[in-house]
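Residue numbers begin at 1 in each chain, while the letters A, B, ... track the order of the sequences. Computed over heavy atoms, backbone and side chain alike; hydrogens, waters and symmetry mates excluded.
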Amino acid sequence: MINFILMVNKQGQTRLAQYFQFLSVKERMTLEGELIRKCLSRSETQCSFLEHRGYKIIYRRYASLYFIIGMDLEEENEMAYLEFIHNLVETLDKYFENVCELDIMFNIEKAHYILEEMVMNGQIVETNKTQILAPIHVLDKAKDE
Amino acid sequence: MSSGSHLSKELHDLIKSIGETRSKQEEDKIIIKEVQQLKTKLNEKNMPPKKVKEMLIRAIYIEMLGHDASFVHINAIHLTQSKNLALKRLGYLCCSLFLDNDSELLILLVATLQKDLASTNVHIVVNALTAVGKLISKTFVNALTEPVLKLLTHNTDIVRKKALMVMQIIRQLNQDCIAEQDYDDRIRRGIQDKEPSVMGAAFNLYHEELKKGAVNKYKPLTGTFVSMLKQIIEHKLHKDYDYHRFPAPWLQIKLLQILTLLGANDLKVSEQIYEVLGSTLRRADDTTINIGYAVTYQCVKCVSGIYPQQSLLEQAANSVSRFLKSDNNNLKYLGINALTQIVSISQKYVLEHQMTIVDCLESNDDTLKKETLELLFKMTNEQNCEVIIQKLIHFLKTSSDSNFKKDLFVKISLLNEKHAPTQEWFIKTANTLFEFGSEFIDNDVRNNFFKLLIDNFNDIGSEFGVFITEIYSELLRNDLQDNILKIVCWVIGEIGSQIYDQDPNKLNELTQLVILKLDSQLESETTISWILTCLAKLQSARAFQMFDQTRAIFQKYMQSKNLDCQQRAIDFYTLAKFNAALKGSQFITVDPKMSFLDAYVQQERLRGAQAYNPSLQVKAAALGSATEAPSLNFGPYSDNKYGGSKTNTFGTEENKSTTQNPSAPTIAGPWDDTGYNQKQPPPPKPTIATPMAIGSTTGMGSNGSGQTTTKTTMQSMGSGQMGLSSNQAQSTYVPPVRPLPPKEDPNLKEKQKLANQLFAPISQTQQQPQSTQKKGITAVAAPKQMNTNPNIPQITQPKQTAQVQNLLEIDEPLPIKQQQQPILGAPQVYVQQPQIITQKPVVVPQQQQQLWSQPPVQTQPIPQQQIKSYIPANINVDQYEQLWERNQNIKEVTLQSKIKSEQDFRRMIQTININIIEVIDQEIICAGANAENKSCVLLYGCYNLNGSLELKINSTDPKDAEYILALIKRQFC
């Protein structure tokens, strides 16, 4: 299962963090710090997968933002999750139109909602962008009322 | 949207300032200030909803950036009760981000959740389900089960989808909430849902159940899953599910994972999968996008996970080639992983990619390197293990990642135990491993290693003992880490003291070396305990006669502040004192072998008493020696100078009782006094050209009487069968080039060389994949020689005769020393007719004879020249019949005997030491050969419950028949 999904920028600042298994604030900070250091230390040509603290880590960089997924070691298809990250980014892009780091910062709750629609109980439940965004649009309307 | 114009200025500025910080310290400063502001704000009354919302978003930032915002948690819970959908959702989101599943605050949410789940507003229900999915915990799972299950039939698809996922969580939390049958029914309805989203969610539930092992239950659904996959790859789903024009890739992957589990080891199910798997792979392979590769990779995993099919394997291997040939490391990573999967089915696919694999091994990408090591681990066999272990040790030396090192340590020890070519190599590798992975040596590792050593020492005897004592006493001269020093102390104390118990000088030398270590820098005081124990063991070898120097040491440590050291020192000191007191009574010699009982034992054996089977004791002893490693063994040691007597069974004695003749010493020629040759590879073994007697093996297997000889024979026949495949492999076998230590020079020649070392053995054995699958001790046995004369009907001998076979029963992980020792035993002898090629019976070493058969007490002494010995012949029923036809010296008798059951009969056959070919009711046929001239003996027997025994003995030499008959009459009538 997916244990966590993070968005961390090149400066090591967390922009979004969703955990599917509870970790205390302190544990999260340490883990995120270690992970971004590891990701930053890797070159473009090296592969996007690594193991850290008993997690299988899959990461992908978009401009200055790293998307990082941590999974159980027995999870089998790294490439599928690497593409899942891209699907997430495309979904964010579809919603925010030309998504950038600031979009996520100013609308952090929306980014969370989108993730919540895509992943439940650490498993991928939805990859169809129309289906993912439908409930978010409903919320946007509700706010306007 | 990125302007953030929808936010208040306060929040906007906060986020902006966080975004502009360039260091953690700056960020912390902002957040600490923010926490204070927020705390004061909280006191404001009647805050407008928008303010509450922003306050919570600020709290999200505070917690995300590593600070505590627990003071707003209660506000998040309040917000979930809001009538505004957006605020409610934010409330739930904050709860799931802030609260641990054990949080007491969660109980406050249950009523709200229950109410929302039952709402008529579908959006509220969706929000509530999302929240339940994140927040539900064991304490209130019961309260929410009912409302969630109701939603499984809701008319909105998103509700059904989420309800399914929540149902999965409920079952994970508490199995009893939903009955198994009910659960099955509900997920089945899930995959039948007309909405692909709901169906896709249900796949997750099936996959989880299958992973938990409920495979058989869902096998009937294979057809359903297959047709779903077929529909997906044929673009039958709405194009919204496409990703880069690839139809529903994540659903394809999930289905493939499900099918892999369903089809594993099941030809019937796999046959349903082959077709759709082939087309899924083809379609995915046609793409050049990442997601296509992901599906291809999953297909390869499925191909190697289900019952193998040749054409699919080829197809999969082709896809893997594409991955490996790519320049992209992600694809290489997939390729290496996929290859690791395929290697478990057939090693031949590795060959094509040897250079790529070597490249990956030298890669600067640690992840890739690790996966490649995993592949190497999976493809290790006897021939390439030296190179691979060296490679792994190299990584152990250079890596700094302790998880990785631990993994390497475990892998290397496994490979070393399984495949080490010689004992010397084994010990040296183990020492290197300990040196570079000393932090991973724990009690389990140590005890396991000690057990291996002591088992080998017991089996092989003093040669091995001298060898390891030398190695370890040499080590003592260096600076050692504590963990290694402990091992050295144990070896010197336990084995050195036994080896040199007659050599005071050597003992003294060892003692001096060990004493020096007390003055060296030690990491912990427990090491001192190990050293003291070692000293005590060394001294006890000579009954504490040379105690003077050691006494002072014990006296010193009797004052130690460490309780364990102190206790040991006192114990050893006291023991030594008692021993000194006993010195006066040295003339009492203890006979640990209790040879005074031999006459009695012999007598009882002749009367047909059961043979003593010490194998159980040996196991117990071996275990004991491992678990009680640090304790002192003052009991009489099994006297290994006499050839590892412990592991010899009465199989040995059988032989002897019939081989007691003056020529025994010459037969025992190859066995030296120390008896160490016992574990040498057996003499060149003849092999069969005709297929093995499978029928007879199974025939015997079905009536598994627990007798030693029977087991031995079965085993030998079994291994004979296995031997057949490896023989063929070995006929083309070229000994691998002794590997050189791999060099880091990345030039092509070096890589090529490494590749050759790694893969040459696979190319040699790939025609016979089975032979590489044989692992462990059987695989290391001496290469069998093919018979040079193909025209002679060849009959296999059991691979090894009784006592050696029985040693194999003890699960002994150390390989037999095979290389430096000369092959012993008489050359193959061809006898006229029928031609049975045999080996000399393995005769007990002389010492053994002293041990078990003191002056043979025989009720009716037989004239010397009449004593004959026999050996079993492994032939099948057809061969038996052919031989029977050819021989006309048939002796027929009906006797009144003590034999009334098959077990009795087997005992008789065991006594003669020939081999049972087949048992049909009360009729049994057996075959053997005269150990001296190899002439053939066939025996047919039919026993009756009343004791009447009908025998037909057909032998090339009529004397054999007479002899056997006499033997039977004497002992069994």
Side-chain angles (χ1 to χ4, degrees), chain A residues 11-18 20 22 24-26 28-29 42-43 45-51 53-54 76-80 82-84 86-87 96-97 100-103 105-109 112-113 116-117 120-121 123-131 134-135 138-140 142-143 145, chain B residues 1-2 4 7 12 15 18-19 21-22 24 27 57 60-61 63-68 84-86 89-90 93 97 100-101 123 126 130 133 158 161-162 165 168-169 197 200-201 204 240-241 243 249-250 253 257 290-291 293-294 297-298 301 329-330 332-334 364-368 370 403:
Chain A
Q11 284 78 44
Q13 296 161 314
T14 309
R15 290 296 170 243
L16 182 135
Q18 204 169 107
F20 298 90
F22 188 82
S24 73
V25 171
K26 230 185 188 165
R28 292 178 188 198
M29 290 311 291
R42 294 175 68 81
S43 73
T45 54
Q46 290 180 317
C47 61
S48 317
F49 320 118
L50 48 106
E51 269 177 35
R53 290 200 185 213
E76 358 181 340
N77 199 327
E78 291 85 349
M79 189 58 103
L82 190 68
E83 281 306 284
F84 177 73
H86 192 66
N87 195 8
F96 289 112
E97 292 155 15
C100 68
E101 195 180 324
L102 269 183
D103 283 324
M105 291 188 74
F106 284 128
N107 300 280
I108 191 165
E109 78 282 10
H112 273 292
Y113 298 156
E116 281 184 340
E117 293 302 319
M120 267 186 99
N121 196 21
Q123 293 156 91
I124 300 176
V125 279
E126 192 61 80
T127 51
N128 176 339
K129 296 183 190 82
T130 323
Q131 298 265 7
V138 171
L139 287 179
D140 288 341
K143 196 178 63 185
E145 276 158 16
Chain B
M1 249 197 201
S2 57
L7 303 172
H12 183 271
I15 294 175
I18 292 175
T21 54
R22 285 289 165 264
K24 182 81 192 139
E27 192 184 86
I57 290 177
I60 293 180
Y61 269 100
E63 295 231 329
M64 184 170 78
L65 297 174
H67 296 259
D68 176 54
N84 181 300
L85 198 62
R89 174 100 191 222
L90 183 69
L93 174 71
L97 289 175
D100 176 3
N101 286 33
H123 306 304
V126 171
T130 312
I158 185 171
K161 174 178 80 181
K162 295 207 171 200
M165 296 306 290
Q168 180 189 29
I169 305 170
S197 281
N204 284 321
D240 273 357
Y241 288 91
Y243 173 79
W250 289 279
I253 288 166
Q257 288 171 342
N290 272 346
I291 196 67
Y293 300 139
Y297 174 67
Q298 200 62 54
K301 288 201 84 160
N329 268 9
N330 282 345
K332 273 206 180 126
Y333 174 93
L334 287 193
N364 63 351
D365 187 338
D366 279 348
T367 312
L368 201 54
K370 274 184 209 174
N403 281 339

Item to complete: Quick one: closest heavy-atom pair of Gln123(A) and Gln168(B), and the distance?
Response: NE2-OE1, 2.9 Å
Discussion item. Show the nearest heavy-atom pair for residues Ala17(A) and Leu97(B), with the distance to one decimal.
Written reply: O-CD2, 4.0 Å
Practice prompt. Using a 4.5 Å cut-off on heavy atoms from C-beta on, say whether the side chain of Tyr113(A) contacts that of Leu90(B).
Written response: yes
Practice prompt. Check the angle between the aromatic planes of Phe49(A) and Tyr333(B) and answer parallel, tilted or perpendicular using the 30° and 60° thresholds.
Written response: tilted
Worksheet item: In terms of heavy-atom proximity below 4.5 Å to chain A, should Glu27(B) be classed as side chain, backbone, both, or neither?
Response: side chain
Worksheet, complete the sentence: Okay, Ser48(A) and chain B: the region with an atom under 4.5 Å from a heavy atom over there is both
Fill in: Distance-minimising heavy-atom pair for Lys162(B) and Glu116(A)
NZ-O, 4.4 Å
Fill in: Shortest non-hydrogen contact between Gln298(B) and Asn77(A), atoms and distance
OE1-ND2, 2.8 Å
Worksheet item: Would Asp366(B) and Arg42(A) pass as an ion pair if we require N to O under 4.0 Å?
Response: no
Fill in: Contact origin within Tyr243(B) toward chain A - heavy atom pairs under 4.5 Å
side chain
Fill in: Full working for side chain to side chain contact (heavy atoms under 4.5 Å, CB included) between Asn204(B) and Val125(A)
CA-CA 8 Å; Asn204(B) 284 321; Val125(A) 279; 4.0 Å; yes
Worksheet entry | Rounded distance [0.5 Å steps], CD in Glu83(A) versus CD1 in Ile291(B) | 5.0 Å
Worksheet entry | Expected output: side-chain Asn329(B) to main-chain Thr45(A) donor-acceptor under 3.5 Å | yes
Fill in: Leading residue by heavy atom contact count with chain A [cutoff under 4.5 Å; candidates Ala201(B), Ser197(B), Gly200(B)]
Ser197(B)
Worksheet item: In terms of heavy-atom pairs under 4.5 Å with chain B, which of Ile124(A), Thr130(A), Asn121(A) leads?
Response: Asn121(A)
Worksheet item: Which residue out of Leu368(B), Ile169(B), Val126(B), Ile253(B) racks up the most heavy-atom pairs below 4.5 Å with chain A?
Response: Ile169(B)
Discussion item. Restricting to side-chain contact (heavy atoms from CB on, under 4.5 Å), what partner residues turn up for Asn101(B), sequence neighbours left out?
Written reply: Ser137(B)
Worksheet item: Contact part of Met79(A) toward chain B, heavy-atom cut-off under 4.5 Å: side chain, backbone, both or neither?
Response: both
Practice prompt. Could you check which of Leu85(B), Ile18(B), Asp100(B) has the highest count of heavy-atom pairs closer than 4.5 Å to chain A?
Written response: Asp100(B)
Item to complete: Please identify each residue that fulfils side-chain hydrogen bond (donor to acceptor under 3.5 Å, both in side chains) with Lys161(B), with sequence neighbours left out.
Response: Glu126(A)
Fill in: Inter-residue atom distance Lys24(B).NZ - Gln13(A).CD, 0.5 Å rounding
8.0 Å
Worksheet, complete the sentence: Given Glu51(A), His86(A), Glu101(A), the one with more heavy-atom pairs under 4.5 angstrom with chain B than any other is His86(A)
Worksheet item: For Ile108(A), is it the side chain, the backbone, both, or neither that has a heavy atom closer than 4.5 Å to a heavy atom of chain B?
Response: side chain
Item to complete: Go through the steps for Ile57(B) and Glu109(A) under the test side chain to side chain contact (heavy atoms under 4.5 Å, CB included), then give the verdict.
Response: CA-CA 7 Å; Ile57(B) 290 177; Glu109(A) 78 282 10; 3.6 Å; yes
Worksheet item: Can you tell me how far the CG atom of Asp365(B) sits from the OG atom of Ser43(A), to the nearest 0.5 Å?
Response: 7.5 Å
Worksheet item: Given a strict heavy-atom distance threshold of 4.5 Å, which part of Asn364(B) is in contact with chain A: side chain, backbone, both, or neither?
Response: both
Worksheet entry | Polar contact flag, side-chain donor to acceptor under 3.5 angstrom, Tyr297(B)-Glu76(A) | no
Worksheet item: Hey, does the side chain of Asp240(B) reach the backbone of Asn128(A) with a donor-acceptor pair shorter than 3.5 angstrom?
Response: no
Worksheet entry | When Arg22(B), Arg89(B), Glu63(B) are compared by non-hydrogen pairs under 4.5 Å with chain A, the top option | Arg89(B)
Worksheet item: Between OH of Tyr61(B) and CZ of Arg15(A), what distance do you get to the nearest 0.5 Å?
Response: 6.5 Å
Worksheet item: Leu334(B) versus chain A, heavy atoms under 4.5 Å apart: side chain, backbone, both or neither?
Response: side chain
Fill in: Proximity breakdown for Ile158(B) and chain A, heavy-atom pairs closer than 4.5 Å
side chain
Discussion item. Show the nearest heavy-atom pair for residues Met29(A) and Met64(B), with the distance to one decimal.
Written reply: SD-O, 3.7 Å
Fill in: Closest non-hydrogen atom pair, Leu65(B) against Thr14(A)
CD2-O, 3.8 Å
Fill in: Stepwise salt bridge (charged side-chain N to carboxylate O under 4.0 Å, His left out) check, Lys301(B) with Glu78(A)
CA-CA 13 Å; Lys301(B) 288 201 84 160; Glu78(A) 291 85 349; over 6 Å; no
Worksheet item: To the nearest 0.5 Å, what is the distance between NZ (Lys370(B)) and CG (Leu50(A))?
Response: 8.0 Å
Worksheet item: For chain B, which of Ala80(A), Ala134(A), Ser24(A), Cys47(A) has the most heavy-atom pairs under 4.5 Å?
Response: Cys47(A)
